[in-house]
Amino acid sequence: MRITSAKFVRGIVCDDPILGDGKPQIAFIGRSNVGKSTLINSLTNQSGLARTSSFPGRTQEINLFLINENFYLVDLPGYGFARNSAGGRERIQELINSYLFRSHYKQKLTEGDLDMLHALVAHKKNVIVIANKIDKIKKSEYVKHMRKIESSIGGHTIIPYSSKSKIGIKEVSKEILE
Ligand code: GTP
Ligand code: MG
């Protein structure tokens with residue numbers, strides 16, 4: 001795929017409806033000064049798109065860049081910048097965590113779900129997320145809904161399922177039996 005357009009949409013410092021708009025998000029995560037913002041500029045071939053600096057701690061907000069009008073590249077602040085004040089470091093870490101792990105607008109995972117997921121991951125359990133009762137979701141909302149869940153569970157396999165409508169039975173059998 002070629003990147004044909006890239007533009008800065010906005011920087012956010014807390015939860016924001018844009019995170020739930022259904023467009024996929026690809027986020028760059030890493031320590032301060034490893035070159036995340038520069039990487040976005042080189043991928044999009046626009047040297048001034050994301051602000052960069054030779055000093056760590058340049059990116060302070062979650063910056064969203066709309067690519068080809070249909071997905072976002074997300075430039076996150078770096079973590080672990082020692083010279084940031086302790087308060088500043090905490091604020092940045094909290095911002096990164098809330099972007100990556102908290103529930104965004106209207107998606108249906110609760111804090112409890114996410115706490116459980118993180119505990120399972122911390123104990124190196126294999127996890128499959130089954131989005132059950134999918135028959136309750138309107139067809140027109142389906143893709144948006146699945147993307148919202150996807151964006152909050154961090155790369156785990158997610159399988160839409162309905163015992164009632166017999167959706168996903170084959171897929172779940174395959175995951176657990178093969
Ligand atoms: P934070 O916003 O603080 O998290 O930093 P960042 O990860 O966004 O780093 P940034 O893109 O601002 O780049 C940090 C420094 O590394 C800048 O001086 C860049 O010029 C330099 N840099 C980035 N990518 C490369 C690379 O591929 N090679 C070299 N040699 N330097 C790079
Ligand atoms: Mg940066």
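Nothing here was measured: the structure is a model prediction, and the numbers come from that model. The figures that follow rest on heavy atoms only: side chains count, while hydrogens, waters and symmetry mates do not.
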Please say whether more than 12 non-hydrogen atoms of neighbouring residues, nucleotides or ligands are located less than 6.0 Å from CD in E90.
no
If you draw a 6.0 Å radius around CG in N45, do more than 12 non-hydrogen atoms from other residues or ligands fall strictly inside?
no
Going by heavy atoms in the side chains, are [X] and [Y] under 4.5 Å from each other?
X	Y	value
I29	Y99	no
L117	H156	yes
F81	I92	no
Q60	R91	yes
V129	T157	no
S151	L19	no
H145	I149	yes
I130	V172	yes

Tell me every residue that passes side chain to side chain contact (heavy atoms under 4.5 Å, CB included) with [X], counting only those two or more places apart in sequence or in another chain.
X	result
S140	K138
K125	L120, H123
I167	I134, S162, S165

Residues 46-53 side chain polar contacts: donor-acceptor under 3.5 Å, at least two apart:
{"residue": "Q46", "atom": "NE2", "partner": "A6", "partner atom": "O", "Å": "3.1"}
{"residue": "S53", "atom": "OG", "partner": "F55", "partner atom": "N", "Å": "2.8"}
{"residue": "S53", "atom": "OG", "partner": "F55", "partner atom": "O", "Å": "3.2"}

Once side-chain hydrogen bond (donor to acceptor under 3.5 Å, both in side chains) is applied, what residue pairs with a partner in residues 1-14 remain, sequence neighbours excluded?
T4-N68, K7-E69, R10-D16
What are the two closest heavy atoms between [X] and [Y], and how far apart are they?
X	Y	result
Y161	I169	OH-CG1, 3.4 Å
A131	I158	CB-CD1, 4.3 Å
L66	K23	CD1-CD, 3.8 Å

Let me have the donor-acceptor pairs involving side chains of residues 71-80, under 3.5 Å, with sequence neighbours excluded, atom names and distances please.
{"residue": "Y72", "atom": "OH", "partner": "D21", "partner atom": "OD2", "Å": "2.6"}
{"residue": "D75", "atom": "OD1", "partner": "S37", "partner atom": "OG", "Å": "3.3"}
{"residue": "D75", "atom": "OD2", "partner": "S37", "partner atom": "OG", "Å": "2.5"}

